[in-house]
Amino acid sequence: MSKYHVNKKGYYGPFGGAYIPEMLYPNVEELQQKYMEIMQEESFQQEFQELLKDYVGRPSPLYLAKRLSARYGANIFLKREDLNHTGAHKINNTIGQILLAERLGKKRIIAETGAGQHGVATATVCALKGLECVVYMGEIDIQRQAPNVARMKMMGATVVAAQSGSKTLKDATNEALRDWINNPIDTHYIIGSVVGPHPYPDLVARFQSIISEETKRQLTEKTGNSLPDYVLACVGGGSNAAGMFYHFLEDEQVKLIAVEAAGHGIKSGESAATTALGKEGVLHGSRSILMQTEDGQVTEPYSISAGLDYPGIGPQHAWLYKSGRGKYVSITDDEAMQAGLLLTKLEGIIPAIESSHALAYLEKMTFQGNENVVICLSGRGDKDLDNYMKYFGF
Amino acid sequence: MHTQDIFKSDNSKGLLSIYYTAGYPNLDSTIAIAKKLESAGADFLEIGFPYSDPIADGPVIQHSSEVALRNGMTLQCLFQQLQDLRSHVSIPVFLMGYFNTVLQYGVENFCKSCQAVGVNGAIIPDLPIYEYEELYQDTFKQYGINNIFLVTPQTSEERIRKIDNLSHSFIYLLSSNATTGKNLEVGAQAEQYFQRLKDMDLKNPLVIGFGISDRETFRKATTYAKGAIIGSAFVRVLSDDDYMNKIESFIKGIKT
Ligand SMILES: Cc1ncc(COP(=O)(O)O)c(C=O)c1O
């Protein structure tokens, strides 16, 4: 494997590992031992590919956005993960993990969710497979994201309010990990991003890597060249970016740009720009870059977009950042909202506010001639209408 | 008795250890509580340093950690409070907390500070064996700080042997695979597990923790192990306004 992928010990450079208490060891070790083998089984691949095609609606289109391209002076392609069933890339991972859980003989599924996108994607696959589903969600997020809570309940999931700490995504993740400690035998934890102890960052990245696999093929069809000049994606924990970057990592001439949420601005004290504000640390089982106090207490991030509101990034991203393979930048609430509106007006596509962060970075780039740019449009904006309405006063 | 001897000596049994969170309920209660616990009859102590995201803990210790952080507790502050630990307290003292706090303080700095104030060891649940061996064991050894490992009912025999080899004080046996603060039910299964561990004839003594809350659970646990640890049930005592006057009767209620 290349230097950008996980090594045998679960590390990406100095990042990664499995910093978990002994109570989680048997479950995590079982996953470490079996995930590759199960994912390579023919029956697994067959069912996975079939569900991605017939249930999720893949391949997702690669769309050349002509009016957006004209505005910026480059060929801008949108990878339309927003057209997936449930409206975001999250389902690529939950489909993969539910098949994995089945093959591990697990009967009960737990998950954490912030905005509810991953919770919905998990509840969806549990309904599909008839498995019990418990989703942990911060009490504050439950109030902010009522429609997604309703969706999960309609699909038969139990939504449990995380009451501890700041009552948001970070605490929902803590509660899910505690649940797993207390239910060590029959439960699988479907983590929602490329975070957590090894092998989760690698496992989730592999399930999301379908995004760049398709993109390469589609680019070849459309441009005669599988490699673009730039690839952009937003980063919360980093799963859509990990999937969007995956098959381009070895193609060093392709510039990878990861866009974090600056919230009200990096220096405002209300931000989620992890690489700009964080330091090396350990959270939720892996060593990565993390927003924290000098004493090592994790600080509460802020972004208008709930999906980017996480104080860390996955260990692979920490490594891509540190090694210089990726460029990590940030975009404020205001810049993202404007970019969301711009795409809507120019192309008739309302993006998720998370994805708007990636779009907003176009404003800061300068292009020479005929360059090809791929942006991961990780989700659709339906869930964010309230926010768009409040912000623009529609 | 020298602080380490209680774990080695054949005479000592039924050892009672108490866990509490530094900085809870008040920032400066750490030493006062330790003194009171020693005089009431506790055999060794685990002092928790708080972390914002304590994934192995149930609601009681989560709450004490939140309050302690709000009170301003940090590792730096704790080591300052423990400066004259050994002029007040002679029983063994272990620090317990999560790895990120130690990492930011600096692992070597942490070991050095432990040695300087006379702390005997550390319990860091999310520092795994592999990382300890590869990256930190030498530093812990250099400063004579014992790293304590946890064992659960699901831990394999091979791994328990490995833990035994890496340990130089005691092994922390979890009563069940659970977060802190669940009540222990010593049913046939748990007894079988305790017996299995006892029969392995490990070189380190076993101390059972998680779910020990009263005299009955303490007695049962110590029929299989050299000692037992009470955490959440004691932290609950500290939530009483008059906690200083409740400590002695709590300890006596367990030990006699
Ligand atoms: C549409 C969308 N994009 C991006 C994210 C951020 O997650 P990640 O960084 O794992 O892709 C989320 C998370 O909820 C999301 O819903």
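Proteins get letters first, then strands, A, B, ... in listed order; numbering begins at 1 in each.
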For [X], is it the side chain, the backbone, both or neither that has a heavy atom under 4.5 Å from a heavy atom of chain A?
| X | value |
| --- | --- |
| Ile124(B) | neither |
| Pro54(B) | both |
| Leu135(B) | side chain |
| Leu103(B) | side chain |
| Tyr98(B) | neither |

Counting only heavy atoms closer than 4.5 Å, note whether [X] contacts chain B via side chain, backbone, both or neither.
| X | answer |
| --- | --- |
| Ala18(A) | backbone |
| Gln163(A) | neither |
| Ile181(A) | both |

Select all residues of [range] having any heavy atom within less than 4.5 Å of some heavy atom of chain B, and report them by number, or 'none'.
| range | value |
| --- | --- |
| residues 285-295 of chain A | Arg287(A), Leu290(A), Gln292(A), Glu294(A), Asp295(A) |
| residues 26-37 of chain A | Pro26(A) |
| residues 312-323 of chain A | none |

How long is the straight-line distance from [atom2] of [Y] back to [atom1] of [X], given to the nearest 0.5 Å?
| X | Y | atom1 | atom2 | answer |
| --- | --- | --- | --- | --- |
| Tyr51(B) | Leu283(A) | OH | CG | 4.5 Å |
| Asn100(B) | His284(A) | CG | NE2 | 11.0 Å |
| Met23(A) | Phe210(B) | CE | CZ | 4.0 Å |
| Asn174(A) | Asp53(B) | CG | CG | 4.5 Å |
| Thr179(B) | Asp179(A) | OG1 | CG | 9.5 Å |
| Lys9(A) | Glu131(B) | NZ | CD | 10.0 Å |

Original post:
Applying the side-chain contact (heavy atoms from CB on, under 4.5 Å) test to Glu22(A), which of Leu174(B), Asp126(B), Thr155(B) qualifies?
Top reply: Thr155(B)
**OP:** For atom NZ of Lys279(A), decide whether the heavy atoms of other residues, nucleotides or ligands shown that lie under 6.0 angstrom number more than 12.
**Re:** yes
Subject >> Over 12 foreign heavy atoms within 6.0 Å of CD, Glu133(B) >> reply: yes
**OP:** Heavy-atom pairs under 4.5 Å with chain A are the metric here; pick the option from Gln76(B), Gln62(B), Glu134(B) that has the most.
**Re:** Gln62(B)
Original post:
Taking all atoms of both residues into account, what is the closest heavy-atom pair of Gln154(B) and Pro184(A), and its distance?
Top reply: OE1-CG, 3.9 Å
Original post:
Which residues satisfy the ring-ring contact (aromatic ring centres under 6.0 Å, His included) test with Phe99(B), sequence neighbours excluded?
Top reply: Tyr19(A), Tyr136(B)
